[in-house]
Protein chains: 2
Amino acid sequence: MYASTIAPTPAPRSGWIEAPAIAQAPDAPQQFSRRIAATLKLLAEKLAVQRRVVHTGDRIYQAGREFGCLYIVNSGIYKIVSLMPDGREQVVALKFRGDWLGLDGIAAGRYGSDAIAMDTGEVWAIPYEALLEACLKERQLLNALHEAMSRDIAGERDSLLSVCTLPADARVADFLRYWAESLAKRGMRTDQITLRMTRAEIGNYLGLTLESVSRALSKLARARVIGFAAKCRREVEIPDVEALSAFVQRSLLPQASLQ
Amino acid sequence: MYASTIAPTPAPRSGWIEAPAIAQAPDAPQQFSRRIAATLKLLAEKLAVQRRVVHTGDRIYQAGREFGCLYIVNSGIYKIVSLMPDGREQVVALKFRGDWLGLDGIAAGRYGSDAIAMDTGEVWAIPYEALLEACLKERQLLNALHEAMSRDIAGERDSLLSVCTLPADARVADFLRYWAESLAKRGMRTDQITLRMTRAEIGNYLGLTLESVSRALSKLARARVIGFAAKCRREVEIPDVEALSAFVQRSLLPQASLQ
DNA sequence: CGCAGATTTGAGGGATCTCAAAAGGGGTGG
DNA sequence: CCACCCCTTTTGAGATCCCTCAAATCTGCG
């Protein structure tokens, strides 16, 4: 669809040639979930975290306000909304249990986005300065923080990127796959997920119009890759996450689009 | 062009309503450049950094290889290339003096991308473990590291995002604006910049075909927003960065596209 | 000088947007 | 409990933007 190759860069010189890449070792099934639990436990023990129950639409922090706290998600799902310089609002990320909120505020001293709860959940507020103090004493904490930031850098990039280079149908499929995978990694069910976003919001996140999202979902349903729960088009049944991945792959093939 | 509004989220409840956003305070003109210099100095003093001169095409690190070092850019320009699960290569970020390379490797224990020099330059290799040790003793260093990571999170997001939601011409304009701004913040000239990427690479970064990039550049040149140096279409003259911003803004207007 | 790769430009087609209308769902008040 | 309204969602038809394919030009280099 889009440019699939980049111009070759001259071959490496000097002593910089590195050994061939090695396949990435995936986390064991539930290891990720356990690490999250361990980090949360550590935080609760070493710091006076402030637990806050939030409801749909609550704003955890707001772009432009002075940075002070980081927040770690204990439960619930959150959207990160960025106000672009030209005034448009844009959903830029989704956050689940174990993810940190507000990391983008460290550098500027102000939050760079809004974090909004998409359902009832609990976040823990952690004053950044106190966290730093604790990190200096507890190496594990520092590692956890750095890991979270690093994950943010790599993860957000990947999800945004697939999204920017895929045709519309595949974008929506990949979005569902990403959501399901995020739940799965945290040990939650994925055969039936509740999208807590309108078609317009999904479209905003994916760079599509709401009509395109709707069409794509209908198409995925026709192809039996997903199903809709009776009575509610926000509930999506995903009998097989692999089928979603396969659909995305298929749409990248040269002679795609016929179906 | 794309969905410009997102569905309204229910109004905030509970005690979570925050004060109205405050405009972001921009850095003083050369403050950014000075902070970079200070950080580099600090690193050189407190750590045994290994300085490495690199040339065009040299790979600083490679996706999949075991993570060990972070790299900080002293000079030169670098591209971060991500190999997507489906095998496509994608330029995902550009890095300039003061930026860190390899941050995405901390979480996974392996680098998640390639970093490739786009011209001759110098990077400093810093073993991550040694850096952590130094950070524990030198609070300034820890702050610098966190600031860099935070900047990565916010910056990469913004640049990728504008890129994903703008029409083709504006994408290219915004790309040039971003490049010029990055140079300006580091105290370098921006009236004449040398793109060290082919049209294909730019297109890959922006999610466009090389033809679209070429057409966009021609259009920008016709509109006198940019100029080409005699004899070399890789040298771009930007007499006025503001004109680029204005061009981007204009293309977002409802009745755009006429010209 | 001639070749290979990069760039420009044009023509046509396809994917997605825009506009529009109708159908569905959920909540409120009678 | 039902009617009504509003918002969301679906679906269609036409317009538009960008991609694809193709050919010519330019640039740098051996």
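Proteins get letters first, then strands, A, B, ... in listed order; numbering begins at 1 in each.
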Under 3.5 Å: donor-acceptor pair, side chain of [X], backbone of [Y]:
X        : Y        : result
B:Arg65  : B:Tyr61  : no
A:Glu156 : A:Ile153 : no
A:Asp174 : A:Arg171 : no
B:Arg196 : B:Met118 : no

[X] [atom1] - [N] [atom2] separation (whole Å):
X        : N      : atom1 : atom2 : value
B:Glu211 : C:dA11 : CD    : P     : 15 Å
B:Glu235 : C:dT7  : CD    : P     : 13 Å
A:Leu210 : D:dT10 : CG    : C1'   : 10 Å
A:Arg222 : D:dT11 : CZ    : P     : 7 Å
A:Lys219 : D:dT10 : NZ    : C1'   : 16 Å
A:Arg199 : D:dT11 : CZ    : C1'   : 13 Å
A:Leu220 : D:dT10 : CG    : C1'   : 15 Å
B:Asp169 : D:dC19 : CG    : P     : 11 Å

Would you say [X] places a side-chain N or O within less than 4.0 Å of OP1 or OP2 belonging to [N]?
X        : N      : value
B:Ser218 : C:dT9  : yes
B:Thr209 : D:dC19 : yes
A:Arg233 : C:dG24 : no

Item to complete: Would you mind classifying the nucleic acid contact of A:Arg234 as base, sugar-phosphate or nothing, using non-hydrogen atoms under 4.0 angstrom?
Response: sugar-phosphate

Review point. Going by modelled atom types, is there a donor-acceptor pair between the base of D:dT20 and the side chain of B:Arg215 at under 3.5 Å?
Key: yes

